[in-house]
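Reminder, nothing fancy here: chain letters follow the sequence lines and each chain counts from 1.
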2 protein chains.
Amino acid sequence: MSAWMAYLTASHLLERRIEEQLKADSGLTHAQYEILAKLSAAPGRRMRMTELARSAVVSKSGLTYQIGRLEKRGLVARVACPSDERGVLAVLTDRGMSCLEKTAPGHVAVVRAFLIDQLTPEELAGMTRIMSKAAAVMASPYGDDPTGMTGTRGTRGTTNTTGMTSTAGTGVAGV
Amino acid sequence: MSAWMAYLTASHLLERRIEEQLKADSGLTHAQYEILAKLSAAPGRRMRMTELARSAVVSKSGLTYQIGRLEKRGLVARVACPSDERGVLAVLTDRGMSCLEKTAPGHVAVVRAFLIDQLTPEELAGMTRIMSKAAAVMASPYGDDPTGMTGTRGTRGTTNTTGMTSTAGTGVAGV
DNA sequence: TATGGGTTGTTCGAATTTGAACTACCGGCT
DNA sequence: AGCCGGTAGTTCAAATTCGAACAACCCATA
């Protein structure tokens, strides 16, 4: 549990560094950066609000706010969803993309310098495996027993609601 | 960097779970819990505002706010610092302590279930080492080169400003 | 002992975040 | 066609965070 203590302070400090660097370097919030990154990696550089929210792990209202902000800066645009009248697609604009590309290097540098580079190859692999598993477990909407005696497994399938024929590749991956 | 992606979502999800459990279980915020935990582990269950802020990794103003909140609930008390006229000591009250003891088990359960228990002993050890090192690096006030070609080392010494002769032991450790 | 740079904690305003309430739309069934 | 439980996004109020500005205090030095 000294592990937990360490994790806590490290994550907080890292978040600070990231926020600092990002803000100074491009006026973006870490939350905003994550949103842009997710969009850049999505087919057609667009995503339904709800899925984007789930993907970035923010509340729906939080996303609405942030998208509004990004829209005002011209980095993202809102488009009506063709397949669903109520739906809204957040689309990464060209300006948004170039902003992301311009910002990514510095951001990556921070993450690497303070976290990734501290790991040996094995540790990195372990970390990936661990965090992925943890994320998978916590991703299930509910019914998880914190005491840990349930044993869920669930996988989720996604449907193409974007009306795109899969463009884009890896985008400016989260990093 | 899939490591970073995984880390990001996992940490966000974990934070949510923690917040949820904590709020439902005792009306505390994770930030508040961390503050109480830090205090419980401090000699005399008290700490100077600034050090507490640094320890919990929150801004000074943030701590002031949170301590005010906790004080209003009677979990913490503000005491004038004997050795420094401007200083303020945040003291964990008995009610605060029992609240913490009452809350800790559930909190620990969540952290373990979703993160710790996912790790093998070696991974746990690795995680501890890594996060500790990262935290140490990022803790230095400034002058750190994200590109990583400086090589600082610095250690910090603390002075006993609490006017206590070292009571308390491990407290309800951060867990 | 007066001075000046540095520290301490609080206050203030601005930015974010979240959950609840709400409106509009989707789809299966009758 | 009409109904109904459910979903999508937005709006709203409340809570929290941070940084800058402040007033009070510490202390090494002239």
Could you tell me the separation between the CD1 atom of A:I67 and the P atom of C:dT17, rounded to a whole number of Å?
-> 12 Å
Taking the inter-plane angle between the rings of A:Y33 and A:H30 on a 0 to 90° scale, is it parallel (under 30°), tilted (30 to 60°) or perpendicular (over 60°)?
-> tilted
Got a sec, which residues hit side-chain contact (heavy atoms from CB on, under 4.5 Å) with B:R129, two or more places apart in sequence or on another chain?
-> A:E123
Roughly how far, to the nearest 0.5 Å, is the CD atom of A:E15 from the OG atom of B:S11?
-> 8.0 Å
The first and last nucleotides of DNA chain D lying within contact of chain A, meaning any atom under 4.0 Å from one of its heavy atoms, run from D:dG6 to D:dC18
How far does the helix from C:dT1-D:dA30 to C:dT30-D:dA1 bend, going by the axes of its first and last five pairs, to the nearest 10°?
-> 0°
Identify whether any heavy atom of A:E19 sits under 4.0 Å from a base atom; if not, whether one sits that close to sugar-phosphate; answer base, sugar-phosphate or nothing.
-> nothing
CG/A:L28 to CD/A:Q66 distance, rounded to the nearest 0.5 angstrom?
-> 9.5 Å
Which residues satisfy the side-chain contact (heavy atoms from CB on, under 4.5 Å) test with B:R86, sequence neighbours excluded?
-> B:D84
A:E85 CD to C:dC25 P, in whole Å, measures 7 Å
Atom CD of A:E34 to atom P of C:dT17: distance rounded to whole Å?
-> 10 Å
Comparing A:D84 and A:Q32 on DNA chain C - which has the more 5′ nearest nucleotide | A:Q32
Do A:V110 and A:L115 have side-chain heavy atoms sitting under 4.5 Å apart?
-> no
Check against side chain to side chain contact (heavy atoms under 4.5 Å, CB included), A:L39 and A:R46 = CA-CA 6 Å; A:L39 282 181; A:R46 65 197 57 206; 5.5 Å; no
Counting N and O atoms only, with roles assigned by atom type, does the side chain of A:Q118 sit under 3.5 Å from a partner on the main chain of A:A113, one being a donor and the other an acceptor?
-> yes
Would you kindly give the CG-to-P distance between B:L89 and C:dT8, to the nearest whole Å?
-> 13 Å
Contact list (N/O, under 3.5 angstrom) for nucleotides 10-13 of chain C vs protein:
| from | atom 1 | to | atom 2 | distance (Å) |
| --- | --- | --- | --- | --- |
| C:dT10 | OP1 | B:R78 | NH1 | 2.3 |
| C:dT10 | OP2 | B:T64 | OG1 | 2.9 |
| C:dT10 | OP2 | B:R78 | NH1 | 3.4 |

Respond yes when some side-chain nitrogen or oxygen of B:R16 is under 4.0 Å from OP1 or OP2 of C:dT18, and no when none is.
-> yes
Measure the distance from NZ on A:K72 to P on C:dT16 and round it to the nearest whole Å.
-> 11 Å
Atom pair OG1/CD of A:T64 and A:E71 - distance to nearest 0.5 Å | 11.0 Å
Kindly write out the residues that satisfy side-chain contact (heavy atoms from CB on, under 4.5 Å) with A:K23, not counting sequence neighbours, or none if the list is empty.
-> A:E19, A:T29
Salt bridge or not for B:D94 and B:R45, using N-O below 4.0 Å?
-> yes
Using atom CD1 of A:I35 as one end and atom P of C:dT16 as the other, report the distance to the nearest whole Å.
-> 11 Å
